[in-house]
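One structure below.
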2 protein chains.
Amino acid sequence: MIVDTLIHARWIIPVEPESVTYENHSLVIDKGRIIDLLPTDTAKHKYQGTTTENLSSHALLPGFINCHTHAAMTLMRGIADDLPLMDWLQNHIWPLEQKWMSEAFVRDGTDLAIAEMILGGTTCFNDMYFFPDVTAQQAIQHGIRACVGLIVIDFPTVWAENSAAYIAKGLDIHDQFRHQPLITTSFAPHAPYTVSDDPLQKIRTLADELEIPINMHVHETLHEVEQAQANTGQRPLQRLNSLGLLNPSFIAVHMTQLTVEEISLFAESGAHIVHCPESNLKLASGFCPIAQCLNVGINVALGTDGAASNNDLDMMGEMRSAALLAKAVAQDASSVPAMTALRMATINGAKALGLDHEIGSLTIGKSADVIAIDLDHLETQPVFSPVSQIVYAASRQQVTDVWVAGKQLLKQRQLTTVDISALKAKIVDWQGKLSK
Amino acid sequence: MIVDTLIHARWIIPVEPESVTYENHSLVIDKGRIIDLLPTDTAKHKYQGTTTENLSSHALLPGFINCHTHAAMTLMRGIADDLPLMDWLQNHIWPLEQKWMSEAFVRDGTDLAIAEMILGGTTCFNDMYFFPDVTAQQAIQHGIRACVGLIVIDFPTVWAENSAAYIAKGLDIHDQFRHQPLITTSFAPHAPYTVSDDPLQKIRTLADELEIPINMHVHETLHEVEQAQANTGQRPLQRLNSLGLLNPSFIAVHMTQLTVEEISLFAESGAHIVHCPESNLKLASGFCPIAQCLNVGINVALGTDGAASNNDLDMMGEMRSAALLAKAVAQDASSVPAMTALRMATINGAKALGLDHEIGSLTIGKSADVIAIDLDHLETQPVFSPVSQIVYAASRQQVTDVWVAGKQLLKQRQLTTVDISALKAKIVDWQGKLSK
């Protein structure tokens, strides 16, 4: 049988079923989907690929799903470091955004982010930023999958003047992209302290109608929780619960401040957590107790946060940081073993976004969102366990090839859909402007 | 004037003086030493290099000093993960070591470690393991600088039968290598719980006579401290202090369990801390409060620990983890800014090893232990601050060139002193043996 792409690999880590690693197997891709996964010996007789890849020292796995980004902010990478969240936002990031925010900023910043993400094996990102239509367009142009956040904030910005306008623009974008196979949408009210009850209730109703998730920064810092208690007498999570937001289509990003009761409440609700360990560390926001959360059955996915606070979009780094940090926070070295961390970066992300029927594992019938990691570097030798090497030792530069919906976006470390020299010229231009 | 090597660089970060970054400057190397650092325009008139490097998108900085390694253990990378320290040691690492420890194991494991370290910009490592003479020989062979630990443990191993024998062998090795310019030694009593008072007192006297440092795992875990209190009524640091070990030539590795009083005591003693954040996280050992330690003037250096518990020898990753984690532990996002982290990985390491007159900064007169990091990757664009990009965004694969004492060990990512295919064959062989 002739198929589009036949990949022979040293190892295949499908993620589902869990803890299985196939050796010397092949992945068969046709019309954008995974149609078979079988021993290479058999595959060579059964299939003929229009394109065939021999990845003799590589592991194939599902692409990483970065569940929290502000992609365009990559243009501000390293512009203001080593500052607390509110100082960083109020005195650096927000003034720069006020001065420079535009379709062009979002287009160029998102292009840089997408290039970086593809180079590091990310095949899907969940974004929250201004001009989400531009983000969606750039994702389509470069062939990467994206869930674009329909941003809502109480105060006016260049994107919209009030919460009604944010919601209306969001609905337009949802309509505009609803037939695009690589694009989904979610409502993205910024945070409990920037969105009031009325728009949150509207968003809840609309999200139910459209069957899209809601994602929001929640309990990012102690300061946020204390301010809310001082102002309203309620912790933010309590308020969101009373507004009916906590349900299986709610995605809470950060969650560094959690009581035992809140963890139980959250588990019962079926809502999802997106853990951003490196951003939480860098902004000294706190520690999300992910081992406890996983133990009670909460689905925990991973995100890098924006590159202005991380300072990268490296899901392999984030996966490693998550696995390492969880052990220290739980005071248990067996917490969050390598395979759990890999699931957080793949299938758990797919579940959070409601896309686990399509992506998140190398399962026959799912979209061919696949990456290859070459373990034949001295830095990842010897290979007693490929999953351990990928989580604890490999770096993103070992990602050699990336496919999204069967289309190859990275081929032997070369980006196929990005004009790098044109992109670099734009970055230099923005660096000049932002430094003024 | 004709000199050995002339390097023109986009940026030079000398580390000392602190917080200075030179743009479009050149480093001049002759007979293994830095003899000048000046603007490139002037350098081109004043010097002619036998070798000239034009590094137009790179930052030059002092090589990283990895202050805690068990180099040969790199052969056991990923062999037993996600386990608590004592389970990991007693049921996995120590039995494997008992079965396989030999000169050949140390030689091949150290070769792999050295190759990985050079590839990641490390120019000096402080090792603690069996057969330290073999470690020293391999360092000399590959041209990297090493401080080899003269290991002492109470119990017998293939290396020595009792503490007197360990010490005697250590003294022999000290003599054997004392005229080797790349090699220094330190006494390396393993830990308070594995070395008794008598050998520690002998070591203290001998270290004073030979003017070499003592380095030791100290307060690595809560368990260690609690056990010591139960057995002796003393916390280990108290015992080491009463034995007279705490002084400016003592290097305490890990130090995750520290009271406020212990921090003061340690600061007054002038002793050094080697912080290994990733190993401490992975083994759930605890958090060393480095911001507090730095604030009271303790010299804090960085180490990766062995690759069996990390699982790499990546000082750029460790530097980043140290900077990120310190902020969260101190609950202060301005703690351990990027430049402080870079100092920990360079000059602070040199101070701990008593080598700051020779290495740790790009200072005229010091040895030319220099690395170049290429920032012209999308992952580190734009460059508002080179130091920020190096600490928070760059990865070790961006290290392009490495010199130790003026000799180039890495040239455009190619190792000049390592036969990679021969090394890989040996690793495969060890993987087979260790998996049995």
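In this text the structure is predicted, and so the values were computed from the model without any measurement. In what follows, every heavy atom counts, from backbone to side chain, and hydrogens, waters and symmetry copies are set aside. Quick note on labels: first sequence line is chain A, next is B, and so on, each numbered from 1.
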Looking at every heavy atom in both [X] and [Y], which two are closest together, and how far apart are they?
X: A/A284; Y: B/A333; value: CB-N, 3.4 Å
X: A/V383; Y: B/Q431; value: O-NE2, 2.6 Å
X: B/G78; Y: A/S388; value: CA-OG, 3.7 Å
X: B/P382; Y: A/L112; value: CD-CD2, 4.4 Å

May I ask you to test the [X]-[Y] pair for a side-chain heavy-atom distance under 4.5 Å?
X: A/Q389; Y: B/R77; answer: yes
X: B/K424; Y: A/L378; answer: yes
X: A/N311; Y: B/V391; answer: no

Could you tell me which portion of [X] (side chain, backbone, both or neither) has an atom closer than 4.5 angstrom to a non-hydrogen atom of chain A?
X: B/L119; result: side chain
X: B/Q381; result: both
X: B/Q397; result: side chain
X: B/L83; result: backbone

Residue selection (most heavy-atom pairs with chain B, distance under 4.5 Å) from A/V329, A/D376, A/T221, A/T74: A/D376
A/N310, A/D332, A/V428, A/I420: which one forms the most heavy-atom pairs within less than 4.5 Å of chain B? A/N310
Which portion of [X] sits near chain B, non-hydrogen atoms under 4.5 angstrom:
X: A/L283; value: backbone
X: A/E379; value: both
X: A/L313; value: neither
X: A/L415; value: side chain
X: A/T380; value: backbone
X: A/D81; value: side chain
X: A/L423; value: side chain
X: A/D87; value: neither

Can you tell me how far the CZ atom of B/F384 sits from the CE atom of A/M76, to the nearest 0.5 Å?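 Reported to 0.5 Å precision, the distance equals 8.5 Å.
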For the CD atom of B/E278 and the OG atom of A/S321, what is their distance to the nearest 0.5 Å?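 Interatomic distance, B/E278 CD to A/S321 OG, rounded to 0.5 Å: 7.5 Å.
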Inspect the contact between A/R320 and B/D314 and indicate whether a charged nitrogen and a carboxylate oxygen are less than 4.0 angstrom apart.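 Result for this pair is no, no salt bridge flagged.
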